[in-house]
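Structure first, commentary second.
By convention in this document, chain letters (A, B, ...) are assigned in the order of the sequence lines, proteins followed by strands, and residues within each chain are numbered from 1. If you're wondering where the values come from, they're calculated on a predicted model, not measured in any experiment.
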Amino acid sequence: MTSEATDKSSFLYRLRHSMAHVMAQAVAELYNGVKLGFGPPTENGFYYDFDFGTEQIGPETLAKIEKQMRKILSQNEKFTREEFKTEQALQKASQMNQPYKEIQIKKLSGEGVELFSFYSNGKFTDLCEGPHVDSHKDLRSAAFCLDRISGAYWLGSEKNKMLTRIYALCYETEEELKSFLEQRKRAEERDHKKLGKELEIFTISETVGKGLVLWLPNGTVIREEIEKYAKEMEFRYGYHRVATPHITREELFIRSQHLPAYSESMFPPMTVEDEGGIKERFYLKPMNCPFHHLIYSSRPRSYRELPLRLAEYGTCYRFEQSGELSGLLRVRCMTMNDAHIYCPEEKLDEEIALLMTMYQEFYNTFGLKNYTYRLSIRGKANREKFKGSPDLWDRAEKILSDVLSSKNIPFYVGEGEAAFYGPKIDIQFKNLMGREETVSTIQVDFFAPVNFNLEYVSQTGEIKQPVIIHRAPLSTHERFVSFLIETYGGAFPIWMAPVQVKLIPVSDEVKEYVINLEKELKTASVRAESDFTDNTFNKKIRTAVTHKIPVCLIIGNKEASQNRVTVRRYGIKEQETLTKDDFVKQLKEEITERRCGISSFPA
RNA sequence: GCUGGUGUAGCUCAAUGGUAGAGCAAUUGAUUUGUAAUCAAUAGGUUGCGGGUUCGAAUCCCAUCACCAGCUCCA
């Protein structure tokens, strides 16, 4: 959220907060006996949670509520504040027949709050800490519209009743609201689900099942280019590649403690019967780690081979809740840029530092900028859920925080966001709709070495336990490609573009030259295609541009007669004509260096 | 999984109880073009699937599946 949107003293915050009360009042007037939940400001406006009882609320009621709000605003009431001690406050909430407010008062009272404020505007009163604007007059020039309606669990717990949440957009001026709506519309144009279909990157078939992605030829090029790059990078950083099965006997996940702790996110087991009639259960893997641990422990290890880095683009299966699935962002079958690093504890800081360098190298290549680092630690609450000695935790948390600081990497702390086996550094991306998603983590794990009895012989001949680092800088292909599509708006850098070069003949006379050039480019491993359709020249250009192909070669008699090509780059007006050989040389350089040039970011 | 919404040709959408239609894409023919849509013809649909109401259903009702937004979850 912007600072203005969260700053309680800002006018915008008070405006949105007050407007939420007006909405609650409108709803209360229209629906007798409605129960009120919470109604805070948000990044773009505000929402309010209501319990409508048995009443069905659809989008058509939004217009009705909005109309009522405007009627209320015309009454020009003042916002007034009154304070009550706990008992009186409870009594007041009870008189108003607002059970959720009673619960809230009791909860806050338990946390030591003794004085409760109620705000009134006209006949409407609501428990609220404020602050608000002075009167309706301050709200009149504001721009707002009711946006959408959805369910939301009371107190955010799925064990509680689901209330009806009404979201509204609200800004100080009409221009700001309009500009937000336009921005949202532009963002929707970059939606990876939309572009993924248009650019034929992936498809999902009901026949195969939801959350199970079919990668089309274009998408497969992108996947494989990413994978090739990751393998080169990991080779340079001293990783060894391994390969493991997609299924395993139940025993492995019992040992790793995924069963039963993680069983809700796993596909149900397959039961097979051997010749002796003994039944055995197999599971699809939700993670690669346990397999890698067994590779580590397949023979005794010496300190000399640590840190041992085992990498695999491993395909995992998770039975995500159906409502969670979304395009490539959240799927049930995913291929992870996974690796596990088995590291002596005293080398942990060095190894993490090396990882941060690698992450930044990766993200620079992709030109990614819209991410933030989160240091996820235990926090003060629920200490019992975090396994291992507190001493070890303290040290690990300090190491992570020190590495981030020493590399001048800005980060924020996520209290209670650690994994149960250790703290982590999460890389958070914001998607187009402003929603934050974890794209990647670096996790320190003290727990698995114990479960899997992982050991090494130290320099002094002692048996020691390594610490494990789980890391996946490039996330899963699925999630990472969804971010890339949205970041690039579908216009990929040349090195990973499905079609890198489109050859467009001006007329049939140059056909032979074009055919030969295409052959030459393909021989140089360039993904080149020629357009020999009956379409007009203009139409051919339009087609190439709408497919967001990074380079078009315009070839007419002028070019063919001089062994040249005219280069038209995506999103760039200026063209240049150069010799065929110069073009191929430049192009190859750009591809080999994986340049993330301006051509990929049209204005 | 929960709340609300949506589902019509490959894609984007029209048809609100009375003969399912348009543009783009596809196919065929003509056209060979110098920087974002040449012209014409053809083909394409048990309106997501299954029930029901009705003389008659894309349209109304029930159920189911999928998708979208949000909630919850996300080792």
Side-chain angles (χ1 to χ4, degrees), chain A residues 42 47 49-52 56-62 147-167 188 191 193-194 197-198 200 203-207 209-211 253 256-258 261-262 264-266 286-290 316 318-327 329-330 334 376 385 387 417-422 424 426 433 435 437-438 441 443 445 447-448 470 472 479 504-511 532-547 552-559 566-568 570 573-575 577:
Chain A
T42 62
Y47 67 77
D49 289 341
F50 303 98
D51 183 350
F52 283 96
Q56 281 272 333
I57 300 299
E60 65 288 345
T61 43
L62 290 185
D147 191 28
R148 22 186 81 129
I149 194 162
S150 83
Y153 296 108
W154 166 241
L155 295 178
S157 167
E158 63 181 329
K159 293 187 189 98
N160 292 336
K161 185 168 181 184
M162 182 162 267
L163 308 180
T164 303
R165 176 171 296 178
I166 300 177
Y167 283 92
E188 279 162 8
D191 185 325
K193 297 186 287 295
K194 180 178 149 75
K197 187 186 273 183
E198 283 172 11
E200 296 187 30
T203 187
I204 293 172
S205 160
E206 269 187 54
T207 311
K210 54 183 171 182
F253 287 123
S256 68
Q257 303 207 1
H258 284 89
Y262 194 64
E264 272 195 6
S265 295
M266 291 168 68
M287 288 175 205
N288 304 304
C289 15
C316 297
R318 297 186 188 170
F319 197 73
E320 302 285 356
Q321 293 185 50
S322 62
E324 277 312 321
L325 302 172
S326 173
L329 189 62
R330 198 79 181 267
M334 69 215 82
S376 301
K385 88 176 203 202
K387 313 286 181 193
E417 299 281 357
F420 75 81
Y421 48 71
K424 50 181 184 160
D426 292 319
M433 303 311 284
R435 191 166 148 166
E437 301 280 354
T438 300
T441 67
Q443 305 178 353
D445 182 353
F447 203 56
H470 305 243
R479 183 165 286 195
I504 302 181
V506 176
S507 75
D508 269 354
E509 294 169 51
V510 294
K511 194 166 182 177
F532 290 125
T533 60
D534 283 344
N535 290 323
T536 56
F537 177 66
N538 278 341
K539 183 60 185 289
K540 288 179 187 181
I541 287 177
R542 184 184 157 80
T543 305
V545 172
T546 51
H547 286 89
C552 288
L553 293 184
I554 309 297
I555 298 158
N557 276 325
K558 221 162 58 187
E559 287 81 8
T566 293
V567 181
R568 185 190 206 280
Y570 184 79
K573 259 217 151 86
E574 299 74 37
Q575 300 181 157
T577 302

Evaluate the ring planes of A:H258 and A:Y262, with Trp represented by its six-membered ring, and classify them as parallel (under 30°), tilted (30 to 60°) or perpendicular (over 60°).
-> perpendicular

Using the side chain to side chain contact (heavy atoms under 4.5 Å, CB included) rule, take A:V545 and A:R568 through it: C-alpha gap first, then chi angles, then the decisive distance, then the call.
-> CA-CA 10 Å; A:V545 172; A:R568 185 190 206 280; 3.7 Å; yes

NA contact type, A:Q321, heavy-atom cut-off 4.0 Å: base, sugar-phosphate, or nothing?
-> base

Would you say A:K511 reaches B:U33's phosphate, i.e. side-chain N/O to OP1/OP2 under 4.0 Å?
-> no

Take atom CD in A:Q575; do more than 12 heavy atoms of anything else shown fall under 6.0 Å from it?
-> yes

For the side chain of A:K210, starting at C-beta, report the closest nucleotide among B:A36, B:G34, B:C67.
-> B:C67

Distance test, side-chain N/O of A:K197 to OP1/OP2 of B:G10, below 4.0 Å | no

Whole-Å gap separating P (B:C68) and NZ (A:K193) | 5 Å

Pairwise P distance for B:C24 and B:C67, with rounding to whole Å = 31 Å

Between A:T536 and B:U33, does any side-chain N or O lie under 4.0 Å from OP1 or OP2?
-> no

A:I57 near the nucleic acid: base, sugar-phosphate alone, or nothing, with a heavy-atom cut-off under 4.0 Å?
-> sugar-phosphate

Take the protein atom CG of A:D49 and the nucleotide atom P of B:U3, then report the distance between them rounded to whole Å.
-> 15 Å

For atom CD1 of A:I166 and atom C1' of B:G4, their distance in whole Å | 11 Å

So what does A:Y47 touch, heavy atoms closer than 4.0 Å: a base, only the sugar-phosphate, or nothing?
-> nothing

Roughly, in whole Å, what's the span from CG in A:L163 to P in B:C2?
-> 17 Å

So what does A:Y262 touch, heavy atoms closer than 4.0 Å: a base, only the sugar-phosphate, or nothing?
-> sugar-phosphate

Look at all strands and tell whether A:T566 reaches a base, only sugar-phosphate, or nothing, counting heavy atoms closer than 4.0 Å.
-> base

For the base of B:U35, is there a side-chain donor-acceptor partner from A:Q575 under 3.5 Å away?
-> yes

How close or far is atom C1' of B:G4 from atom CZ of A:R165, stated in whole angstroms?
-> 13 Å

If the P atom of B:A9 is compared with that of B:G5, how far apart are they to the nearest Å?
-> 23 Å

Begin from the C-alpha positions of A:E559 and A:T566 and carry the test side-chain hydrogen bond (donor to acceptor under 3.5 Å, both in side chains) through to its verdict.
-> CA-CA 7 Å; A:E559 287 81 8; A:T566 293; 2.5 Å; yes

Using a cut-off of 4.0 Å on non-hydrogen atoms, how would the nucleic acid contact of A:D445 be classed: base, sugar-phosphate, or nothing?
-> nothing

Rounded off to whole Å, could you give me the CG-to-C1' distance for the A:N535 and B:A37 pair?
-> 9 Å

B:C67 C1' sits how many Å from A:I204 CD1, rounded?
-> 10 Å

So does A:R318 reach the base of B:C73 with its side chain, donor to acceptor, closer than 3.5 Å?
-> no

Side-chain donor/acceptor contact of A:E200 with base of B:G10 under 3.5 Å | no

A:E559 near the nucleic acid: base, sugar-phosphate alone, or nothing, with a heavy-atom cut-off under 4.0 Å?
-> base

Is there a side-chain polar atom (N or O) of A:N538 under 4.0 Å from OP1 or OP2 of B:A37?
-> yes

Answer with yes or no whether the side chains of A:D426 and A:S376 bring together a donor and an acceptor at under 3.5 Å.
-> yes

Enclosure of A:E200 CD (heavy-atom neighbours >12, cutoff 6.0 Å) = no

B:U47 versus B:A58 - spacing of their P atoms, nearest Å = 7 Å

Take atom CZ of A:R542 and atom P of B:A37, then tell me their distance rounded to the nearest Å.
-> 7 Å

